[in-house]
Every structure is written in structure tokens, then in C-alpha cells.
S.K.: 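Got a structure here, written out as C-alpha cells. Questions coming.
Quick note on labels: first sequence line is chain A, next is B, and so on, each numbered from 1.
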Amino acid sequence: MRSLIDILELDVTEIKELIDKANDIIANPVKYSEKCRGKKLATLFFEPSTRTRLSFEAAMYELGGNVLGFSEAQSSSAAKGESIADTAKTTSCYADIIAMRHPKEGAPLVAAMNASIPVINAGDGGHNHPTQTLTDLLTIQREKGRLNNLTVGFCGDLKFGRTVHSLINALSRYENIKFVLVSPEELKLPSYVKETLKKNNLEYVQTTDLDSVMPELDILYMTRVQRERFFNEEDYLRLKDSYILRPERLNTAKADLAIMHPLPRVNEISVEIDSDPRACYFKQVLNGKYIRMALILKLLEVE
Amino acid sequence: MKIDSIKNGIVIDHITAGKAMKIYNLLGLDELNCSVALIKNVSSSKMGKKDIIKIDTDFHVDLDILGYVDPGATVNIIQNEEMVAKKKLELPEKLTNVIKCKNPRCITSTEQELPQIFKLTDKEKKVYRCMYCETAAKE
């Protein structure tokens, strides 16, 4: 039995298998519509989410399975002080697989250590979000046709942005990836993620100026400055509008740039960009469902 | 200053001067009923000054804790007043309940019964990271 807590638990061969499976599901959805008949996914969401929770639920329904769970901590026994370990043991009695989101970093790992069924980390604080990373990798593969030889720009909150950390770790294992890290000084990439880049001798540039690096990017991964990660409202207000992507900013960008965003966005990508063919973020949302279907099949060991 | 030599027990030698008290506490030596000598600022030709701890019983020293706090120390096993073994220390791969995670977003900050587990992620720089949230430990 396997869980998925950190994207690095999957090697590149397994990631390729998941991407291939997701592409096959996209091409032949009917073939998979009964694969999880009689199986149950528990979505344990201790923190609000739209996409991740709905995509997990849609994924399980499209595989013919069922879903149970809660979407906020207040509607679970966590509100009475139940531990993660006990919640995981209890859920193991009712479901076949768990998808857990929690504001505290490491909570899904604690669940996996105590559950008797697979646990998928659906986001833990500012730490990891491996299924978003799988979604991003599927999107890059489908948009660019490859996961190597790319210049990838990350822009916005690189300090608390868990999707950024996971994707950088995942892309670090492919050849000839150059990272361009654009953020305000206060929201720079944490040292432990930079350690991974240095250890693997990967090329990276840190800058506060998005416009100067725009022409070289193959992918621009935008992120939201997240209010919920700040202890201090003043800091949030000062930094939230650091980078807003407007159409004129794309004048110097490549014609085949892929603009990605894990969503939700607040105002960091103006809505005028939604109709630009380079905007991929709603395709990402859809890809999220397919890659989660592939992951559920893998962890439930359904052929 | 005269301190009796020990018959059967442990001598932790070459402790960095000033660290003996920390080691004494972390190893739980306050709970022993036997004689324990903590000697500070002993002259040393190699180190200038060093600390020494002598424990007059066959005590199991947690080499992981000692290796983390002071990897340069040595552990001598004494039997019948003679040294029968000398153990060199290494940085342990894993530390359990030795250091605490200081990240307020870590699950250990709210679920305090969880063991505090840190893993060695960079041997050269002696970096330990929390198993749950990957935050680096600060000494």
C-alpha cells in the first residue's frame, strides 16, 4: 500500500506512467467509467478549497466510485480536538482511500503513518501539494510536448507557495531546465528548495523584475500572494499587488509561452488575458481531474 | 581537585568546553543514582580547554544525542578500571525528541504528543530538518 505525501516519492518513470494514463483517460473516458465501482474516496478537507476538492470528487465519480468526507474542520471531530492520527484510523474503517488537505504542515504525513488505506496529500500549509504538481506536469507535457529543455519562470509568492516548491522539486529531475524566480524580496524561495537546486547543479536566476526576463520564458507560472499565510495583515496588503499580469506585459513574450496558475487568482492575472491562446490555467483545472483519476487508480492498484 | 577513577562505567571525554551541562541534561544523567562527575574547563593539549563527564555505572549512552550535540567528543568504556573500548561519534541520520520544531505552521505545534523527528539532510553543513514540515532546526 502506498500513499502520496511528497511529489518526490514518485520517480520520473512513475510520473510518465501517470501522465500516459491521464492522456489515455482523456482519449477514452468510457473505458474507465466503472474502474472504481464499489470504492470510496474520503475527502478530509480541514481548509477551504474549490478546485482540489471538486476535482478529487469528480475524479472518483468518473471512475464509478463514491465520495464521503467534510469540507471544513468545523464540521468534523477536529473541532472537538480529535487528533489527525485518530481521524485517519477512523476514516480507514469507512473508505478505501483518503485525500487530505490541512493548514498544518506535515498533517497528511501523520495521517499516512496511522491510516491503513492510502493517503493523498491534497495540500499541507505552505509545504507540499503533489497532486497540483502532477496537474502542472500533465499540463506542461500536453502544452509543450516535453518536460525537458524548458525555461520556467515562477512569479509572485515563492516563499509560501507550496505549488511552486513541489513543481520546482519535480522539474529538477528533468534535463536542461532553467528556473527564473521572480518575487519581491520578502517572498523569495525558501532556502531548503534552493538547496535542492544547488545540489542538482541546476541553473536558476533570482530577480524582482518580471519584464526583463519575460522574453526568455517558455512557461510563466503565476501565483497568488496568499492572505492566509500571513500573520500580519499589513505585510499582506503591502505585497499583494507586486506583480499583475496585464496584456501589455506579454508584448515581449514568446508566441508559444504557456501561462499557468494553480488558481484561485485574485487580481494577479487580468481577466483580459483569459482569451489569449497562451493562457493555460483553465486547461490546468481540467487536467487536474484526469491526473487525479490516474493517481487514484494507481494507489488503489486498479488495472 | 581530586576525582576518583571509576571501576565500571563511562567516560565522555573531549567535550567542547561549555557543553557538558547540556549533554548532562540531554542524556538524562540527573536521573542516575551512581556517582557522576562533571568536570569543566580541563586543560587539554589538543583543545586548549575541554569538559569531561565520568559516570560510575554501565550506562547506555545515546550516541545519537551525543553525536548531534558534540560530534568531537569520545566515549570510553571502562571495565575493572581499564578502558576496554573507545567509541567515535558520527552525526546521527535521525534524531527523535532531541530538538523541537519551531515552525508555527508545523503539525507538531498543535499535536504536541507527536514525536519530534528530525532527519540529517546536509552532512557537511550539519542541517537537520523536521520530518513533518522540512523546516531546518536551529541550535
Side-chain angles (χ1 to χ4, degrees), chain A residues 5-9 44 46-47 73 78-79 81-88 100-114 119 121 123-130 159-162 165-166 168-169 189-200 226 228-232, chain B residues 16 19 22 25-26 28 60 62-72 88-139:
Chain A
I5 304 303
D6 184 326
I7 190 68
L8 294 179
E9 292 162 15
L44 310 184
F46 294 81
E47 192 181 60
E82 186 168 53
S83 67
I84 297 291
D86 286 1
T87 305
M100 176 186 276
R101 165 164 295 187
H102 201 286
K104 290 289 179 182
E105 299 172 5
L109 174 64
V110 176
M113 288 161 69
N114 288 279
V119 176
N121 180 0
D124 59 334
H127 186 216
N128 275 322
H129 195 356
K159 183 179 181 185
F160 297 116
R162 59 189 167 202
H165 307 164
S166 290
I168 287 176
N169 280 334
L189 198 68
S191 61
Y192 72 91
V193 188
K194 263 184 266 178
E195 268 173 32
T196 311
L197 296 178
K198 284 179 197 156
K199 217 187 290 173
N200 296 320
Q226 302 171 84
E228 63 270 30
R229 304 284 171 239
F230 285 84
F231 290 125
N232 180 340
Chain B
T16 305
K19 283 197 172 176
K22 188 175 182 183
N25 288 325
L26 281 170
H60 171 73
D62 188 326
L63 296 178
D64 284 353
I65 293 178
L66 200 53
Y68 171 70
V69 178
D70 199 3
K88 276 197 97 179
L89 298 172
E90 278 184 11
L91 281 179
E93 289 296 321
K94 189 170 136 184
L95 287 169
T96 304
N97 294 332
V98 179
I99 31 180
K100 272 188 111 174
C101 185
K102 300 217 170 78
N103 173 11
R105 296 179 186 83
C106 180
I107 186 65
T108 57
S109 70
T110 44
E111 301 217 348
Q112 287 167 6
E113 76 287 359
L114 286 170
Q116 294 272 350
I117 300 174
F118 280 75
K119 289 184 173 172
L120 181 62
T121 56
D122 188 334
K123 209 170 180 177
E124 275 171 32
K125 291 184 187 156
K126 198 186 165 186
V127 178
Y128 282 87
R129 292 195 178 278
C130 171
M131 179 182 82
Y132 305 98
C133 70
E134 295 183 76
T135 299
K138 288 192 182 111
E139 278 191 69

S.K.: Measuring heavy-atom distances to chain A, does E111(B) have an atom under 4.5 Å in its side chain, in its backbone, in both, or in neither?
M.R.: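 The answer is the side chain of E111(B).
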
S.K.: Below 4.5 Å, heavy-atom pairs only: which of I5(A), I84(A), V110(A) has the largest tally toward chain B?
M.R.: I84(A)

S.K.: Please enumerate all residues that pass side-chain contact (heavy atoms from CB on, under 4.5 Å) together with P190(A), with sequence neighbours excluded.
M.R.: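 With sequence neighbours excluded, P190(A) shows a side-chain contact (heavy atoms from CB on, under 4.5 Å) to H165(A), Y192(A), V193(A), given in chain and number order.
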
S.K.: With under 30° as parallel and over 60° as perpendicular, where do the rings of H102(A) and F46(A) fit, or are they tilted in between?
M.R.: tilted

S.K.: In terms of heavy-atom proximity below 4.5 Å to chain A, should S109(B) be classed as side chain, backbone, both, or neither?
M.R.: side chain

S.K.: For Q112(B), enumerate each residue passing the side-chain contact (heavy atoms from CB on, under 4.5 Å) test, keeping only those at least two apart in sequence or located in another chain.
M.R.: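 In terms of side-chain contact (heavy atoms from CB on, under 4.5 Å), with neighbours along the sequence ignored, Q112(B) is linked to no residue.
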
S.K.: Does any N or O in the side chain of T196(A) come within less than 3.5 Å of the main-chain N or O of N169(A), such that one atom is a donor and the other an acceptor?
M.R.: no

